[in-house]
Amino acid sequence: MKHLLKNRVVLGLACIIVSLVVCFGLTPLFNDAVAATTTIVRVNTTIQQGEQITARMVTTVEVGGYNLPANILCRMEDVVGKYAAADFSKGDYILADKLSDTPPLKNAYLGRLDGTNRAISVTIQSFAAGLSGKLGQGDIISLIAGNVGDFRETVIPPELQYVEVLATTVSDGTDSGEQEEEKEELPSTVTVLVAPEQARLLVELEQGGNLHVALVCRGGDKNAKSFLEEQARILEELYPEEPPEEEGEDKEQENNKDGETGKDLQGAGKKK
């Protein structure tokens, strides 16, 4: 066997045979796979998230079938009548997970509320106070209060150092991202996700001072979570939970009260 491997003639013939197999066997199979075509559904106009897709918005085209995603949609009936779960641009292919059978909920971000935190809106009193209309969902902001107290101080309450923005809303109740391009307005309120203690403070500050927004970090930034965790830690320090009273202590206090009441009644009887 070793002699065969050392024989240049044998090695040359082996290489030729392998080359022939690749050229006349594997290569045609690969070319056939690449050349194969399939019909898919493609977007022919801009579609906004939440829109119901109609037949005029999409068309079918024939494309190369090699390396297409497994969940790409190929039939019009699988697309028309569904709702866009994401924005589509002209020329986009449609994947199954980008469609929904039902219209998306309006203000879906409110679905995050589980009873622990609160969503509350505060007024943007001027163009500058609302970061010149540049706030977006998920942004982490600090809320600065002006004209607070008898001395008209400007402060950043520790409870409001890092707060998450849920939405900014214009005067007609439409969220900023849902406005039509020709009707764009500046936000009138900003809705934030806060703990109950923060919500109470925000109401007090809005009634008695002027709120100004300062951007800490853009939504989606990897540091956003760390800022919110720091704010949660500050709230725990400011508003520590009171330990629950034990049942034995309650009974002992009740017995003491009953005993004192009995002594008072006995003393009253002796005085008589």
Side-chain angles (χ1 to χ4, degrees), residues 105 107-170 173 175-177 186-254 256-257:
L105 293 174
N107 309 136
Y109 51 82
L110 296 178
R112 296 172 50 188
L113 299 178
D114 58 2
T116 304
N117 291 326
R118 309 288 187 267
I120 186 171
S121 297
V122 293
T123 306
I124 297 174
Q125 299 179 348
S126 69
F127 181 56
L131 200 71
S132 305
K134 294 179 175 61
L135 287 178
Q137 185 176 350
D139 286 350
I140 306 301
I141 60 173
S142 293
L143 289 161
I144 305 171
N147 296 327
V148 177
D150 296 334
F151 297 100
R152 303 296 181 185
E153 296 178 307
T154 299
V155 297
I156 303 179
E159 295 95 329
L160 303 174
Q161 287 187 41
Y162 309 119
V163 178
E164 181 182 356
V165 174
L166 290 179
T168 55
T169 308
V170 300
D175 287 347
S176 297
L186 291 173
S188 298
T189 64
V190 56
T191 303
V192 291
L193 184 67
V194 293
E197 297 84 2
Q198 294 171 296
R200 182 170 57 250
L201 178 59
L202 278 173
V203 172
E204 294 173 355
L205 291 175
E206 178 154 2
Q207 292 178 346
N210 298 321
L211 287 173
H212 201 108
V213 171
L215 181 64
V216 177
C217 76
R218 179 56 72 188
D221 188 280
K222 62 181 180 181
N223 294 322
K225 185 178 179 180
S226 63
F227 284 117
L228 295 177
E229 290 173 349
E230 174 64 16
Q231 182 65 77
R233 186 190 64 78
I234 294 172
L235 290 175
E236 288 178 0
E237 293 179 356
L238 294 174
Y239 304 96
E241 293 185 4
E242 296 182 0
E245 295 182 356
E246 296 182 3
E247 186 177 351
E249 293 180 357
D250 293 342
K251 289 183 177 179
E252 185 178 350
Q253 290 177 359
E254 290 178 2
N256 291 337
K257 289 180 180 178

For the student: nearest non-hydrogen atoms of [X] and [Y], plus distance:
X    : Y    : result
V170 : S176 : CG1-OG, 4.5 Å
L131 : L135 : CD2-CD2, 3.6 Å
T116 : R118 : O-NH1, 3.3 Å

Kindly indicate whether the side chain of L211, heavy atoms from C-beta on, has any atom under 4.5 Å from the side chain of V213.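 Answer no - side chains too far apart.
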A side-chain contact here means heavy atoms from C-beta on lying under 4.5 Å apart; do D139 and R218 qualify? yes
So how far is it from [X] [atom1] to [Y] [atom2], rounded to the nearest 0.5 Å?
X    : Y    : atom1 : atom2 : value
S142 : Q231 : OG    : CD    : 8.0 Å
Q198 : L143 : CD    : CG    : 9.0 Å
K225 : N223 : NZ    : CG    : 12.5 Å
Q207 : L202 : CD    : CG    : 11.0 Å

Electrostatic pair R233:E237 at N-O distance under 4.0 angstrom: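 Between E237 and R233 there is a salt bridge, with a charged N closer than 4.0 Å to a carboxylate O.
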Would you call R200 and E197 a salt bridge, taking side-chain N to carboxylate O under 4.0 Å as the test?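 No, R200 and E197 are not salt-bridged.
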N/O donor-acceptor pairs under 3.5 Å from side chains in residues 154-164, not counting sequence neighbours:
from: E159; atom 1: OE2; to: Y239; atom 2: OH; distance (Å): 2.8
from: E164; atom 1: OE1; to: R112; atom 2: NH2; distance (Å): 3.2
from: E164; atom 1: OE2; to: R112; atom 2: NH1; distance (Å): 2.9

Suppose we screen for side-chain contact (heavy atoms from CB on, under 4.5 Å). Which residues come up paired with N107, at least two apart in sequence or across chains?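 With neighbours one apart ignored, the set is Y109, L110, D175, E178.
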Using distance only, find each side-chain donor-acceptor pair of residues 119-128 under 3.5 Å and give its atom names and separation, not counting sequence neighbours.
from: S121; atom 1: OG; to: T191; atom 2: OG1; distance (Å): 2.6
from: T123; atom 1: OG1; to: E206; atom 2: OE2; distance (Å): 2.5
from: S126; atom 1: OG; to: A129; atom 2: N; distance (Å): 3.1

Between V192 and I141, is a side-chain contact (heavy atoms from CB on, under 4.5 Å) present by the stated rule, with each step listed? CA-CA 9 Å; V192 291; I141 60 173; 4.1 Å; yes
